[in-house]
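Following: one structure in structure tokens, then a few remarks.
If you're wondering where the values come from, they're calculated on a predicted model, not measured in any experiment. Both ligands and their constituent atoms are indexed starting at 1 by order of listing. We count residues from 1, following the sequence as given.
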Amino acid sequence: MEQLTKEQFIKDFKAQLHTDYLVDNNEATAEEHFRTLGKLIKRYVMSDWLRRRDEIVKEQKKTAYYFSIEFLPGKMLQTNLLNLGIYDLVTEALADINVDLTVLVEAERDMALGNGGLGRLASCFMDSLPTIGAPGFGNGIRYKYGLFKQRIVNGYQVELPDAWLPSEGSVWETKKPHSAVDVKIYGSVYLAPQEDGALKPIYENVKTLHAVPYDVIQIGFNNGVVNNLRLWDVELPEKYELDYQTLADRRRVEDITSFLYPDDSSRDGQAMRLIQEYFMVSAGLQTIVASYAKMQLPMAKIHEKVAVHINDTHPAMAVPELMRILMDDYGVKWDDAWATTTQVMSYTNHTVLSEALEKWDTGLFKEIVPRIHQIIGEIDRKFVKEWAGKVDTGIIDRTRIVQNNQIHMANLAIIGGHSVNGVAKLHTELLIEDVLKEFYVLFPEKFNNKTNGIAQRRWSQIANPGMSALLDDLIGKGWRSNIHELSELEELLTRSDVQTSFYQVKQANKQKLADYVKKTLDIDLPIDAIFDVQVKRLHAYKRQLLNVMHIIKLYQDLKDDPGLEMTPRVFIFGAKAAPGYHFAKSVIKIINELANLINYDTSLNDKLKVVFLENYNVSLAELIVPAADVSEQISTAGKEASGTSNMKFMMNGALTLATLDGANIEIKDAVGEDNIVIFGMDKDAVYAHYDKHDYNSRAIYDSDPTIKRVVDAFIDGTIPNTHYEGHEIWDALISYNDEYFLLEDFTDYAEKQAYISELYQDKPIWQAKVIKNIANSGRFSSDDTIEGYAKDIWGII
Ligand code: B1H
């Protein structure tokens, strides 16, 4: 954008307010101020945006399209101001006319079109792609309702719809009706032989959906590059309105883009989800192929200009859909279409949990996407034929796409692409050695690792202005554009004035969070206590319950001996449970009742507090992460593919208490063993139990009185109002043999927690470790991660 002055900005801002709302600055609401600023930002970047588009077309740049059923940007105002380089200017200009930027920031609704880490990662990539100047665009769904809003009522989770989208639409998007495409579902299809011998698909009784794109600006950091996140909405095509005569018919169509499915990591196949997946894939690919066609290059070489990334299996229908478009719409022969399709496609796996590997009944495919069903059948048949006689038939049986009348989406994505990556070193190893080992026999060259990263600007400069100002003082401002300069802190680890400054910043951030807790929950948090935080989706494998067991132990210790010397602790939780995930909801109830028990027990002398923050989301994370002293990353080893909050906490100077799982291992490698606290079984120990079938939680329970007492607290009335939930949990731990090995890891966990309490007392040592973590967090920048994708997988830079 062109050079902007404060005066010009104020003029623009007031004029925009007049145009849109017919109000003067002093009459406008925060919402009106926010939208006005958003519109101005869009106006300021418009020339960059158009130039970017023209440049890609003119230079015929190879472009990557990141297909994801989830994007979780949170709020965009601050990021956009920062990346445009006008954050300070706008803050000051607004202050001059008595407008407080922080109030405008609050007025923006979180865009929560994702469940958790997977969607947030996609949004970090959307920030990093333009920042490294790469032509990389997002492709997803414009859900009218994001992830549900969580309320806690009597300790229970209640889910409310998240109507995030104002009736005027999001201020960051631009509707593009002229770029709409039609997507066909249902009906039947048969292949009619043509005179030239080719087979032409003839469709009957199909339903046509009108897919309308909304383009959301993605601004690069200080480089004039603006990319695009394309989100698709469904409309009724006027041309086909006779297909949808009743209100109910119409509602069913509108429902396609109405909400995000809230089940992080597993779900059984609902038809609507399959339609969502196909809708987004088909609309995206039709557009991409049409714009390639304009280049007048051979269709069979589309891989030279286009890369499509399949983020988890949800967009895996991209493989057969590209085949369909190339063959049916552009007359490309199967073999040529297949050769180019496999070069276009690449896939990221995000989980090893077997329940999360998507499978669909063939019947549903046949009904909803009959042509895709046919093409998948053919891909499968050719795959089996190609490998027959070359490898063990068992391998073919287990790697083929169609098995027992089910379509295995991961198999489709792997067979139909040229790259498969995991999201942390350990995770990729596990894919190769275990989960996908038979694919590794067939296609070793496809496998590679891309450890996740985070958009560091949001998680440092925006979320933690106090720390950022301190960093400017200590090492200059260079770190703001080159995060690796944080390593200059290595020289300062033991300087006591520096330690004190970081401590003061942390205390101020803790006070800010404490103020929020006071306001929302009316609980007083002592900020000299250790703020010990576990925020993430609620899932048994993430082991929030292990954290709870430790809190129960501390509570019991303090009740036994009220005079016990103990570093005060505040345990902070934030977690949404999938609405149908019974066990997870019971854990939430337990945490809330335990919090009630502990927070109002004056005999504990404020040594222990427990807080469950409702509706954990990106914005809340930006408040919580900078205030944490301890980052709980305690999943059963081998289960958490990567984790990304672990990186955010590290960058904000929390010490990580972790199992050797996911990216925790790489954090350990970055800071060294002395600057992270590791406990529990590693992946080999976990796998040894699987191999030998020798885990016995009851034996541990029977032989360890401390553990027995903690586990029994779930059923002996210690925690009020949890009769039902307590028994459910006791049963999971004892009767059902503790699937995630909490009991085995408990003792080490509690010991390492005691060690942390001791460590915190020694400020110089603690602070040196804190600074060491910040100094080494630069390697988890998503700018670097995405550069790896762009070079190694997509070949776009
Ligand atoms: C991750 C999911 C996921 N892995 C299915 N898998 C979903 C799977 O709605 N669905 O159907 C939703 C989400 N999410 C997470 O991805 C991993 O658990 C994290 O460890 C990882 O950091 C994150 C990003 O790679």
*Does S642, backbone or side chain, put an N or O under 3.5 Å from an N or O of ligand 1?*
yes

*Run the numbers for me: atoms of ligand 1, each under 4.0 Å from some heavy atom of L118, listed by number.*
2 (C), 3 (C), 14 (N), 16 (O), 23 (C), 24 (C)

*May I ask you to list the atoms of ligand 1 that are less than 4.0 angstrom from any heavy atom of A641?*
20 (O)

_Within the structure, is a non-hydrogen atom of R273 found at a distance of less than 4.0 Å from ligand 1?_
yes

_I'd like to check whether H350 has a polar contact with ligand 1, where a contact means an N/O of the residue lying under 3.5 Å from an N/O of the ligand._
yes

_A211: side chain to side chain contact (heavy atoms under 4.5 Å, CB included) partners, not counting sequence neighbours_ = V181, V183, W232, F279, A283

*Can you find an N or O of E640 that's nearer than 3.5 Å to an N or O of ligand 1?*
yes

*Cation over ring face, R142 and Y214, 6.0 Å, 45°*: yes

*Determine, using heavy atoms of E358 and all atoms of ligand 1, whether some pair is separated by less than 4.0 Å.*
no

_Under a 4.0 angstrom heavy-atom cut-off, which atoms of ligand 1 come close to Y541?_
18 (O)

*Which of the ligand 1 atoms, numbered from 1, are nearer than 4.0 Å to a heavy atom of T351*: 4 (N), 6 (N)

*asked:* Could you work out, for atom 21 (C) of ligand 1, the closest of G643, G117, A356 by heavy-atom distance?
replied: G643

_At less than 4.0 angstrom from any non-hydrogen atom of H314, what atoms of ligand 1 do you find?_
5 (C), 7 (C), 10 (N), 11 (O)

*ring pair (Phe, Tyr, Trp, His ring centres under 6.0 Å) between Y749 and H550: does it pass, once the steps are laid out?*
CA-CA 8 Å; Y749 178 65; H550 172 245; 5.5 Å; yes

_NZ/NE/NH1/NH2 to OD/OE distance under 4.0 Å, E277 and R273_ = yes

*At under 4.0 Å between heavy atoms, which part of R120 makes contact with ligand 1: side chain, backbone, both or neither?*
neither

*asked:* Under a plain distance cut-off of 3.5 Å, with no hydrogens placed, do S128 and S782 share a side-chain donor-acceptor pair?
replied: yes

*Counterpart residues, side chain to side chain contact (heavy atoms under 4.5 Å, CB included), relative to K752 (two or more places apart)*: L657, V677, F679, D748

_Angle between ring planes, Y690 versus Y687, binned at 30° and 60°: parallel, tilted or perpendicular?_
perpendicular

*Is the distance between the ring centroids of Y261 and F259 under 6.0 Å?*
yes

*Indicate, with yes or no, if the rings of F741 and H689 have centres closer together than 6.0 Å.*
yes

*Record the part of T348 in heavy-atom contact with ligand 1 below 4.0 Å; permitted values are side chain, backbone, both and neither.*
neither

*ligand 1 and D264, any nitrogen or oxygen pair closer than 3.5 angstrom?*
no

_Does the structure place the NZ or CZ of K639 under 6.0 Å from the centre of the six-membered ring of Y740, at an angle of no more than 45° from the ring's axis?_
no

*Can you find an N/O atom of D263 closer than 3.5 Å to an N/O atom of ligand 1?*
yes

*If you count the atoms of ligand 1 from 1 in the order shown, which ones are under 4.0 Å from a heavy atom of N115?*
9 (O)

*To the nearest 0.5 angstrom, please state how far the CZ atom of F125 sits from the NZ atom of K450.*
10.0 Å

*asked:* If the contact criterion is a heavy-atom separation under 4.0 Å, does H427 count as touching ligand 1?
replied: no

_Atom indices of ligand 1 within 4.0 angstrom of E70 heavy atoms, with elements_ = 9 (O), 12 (C)

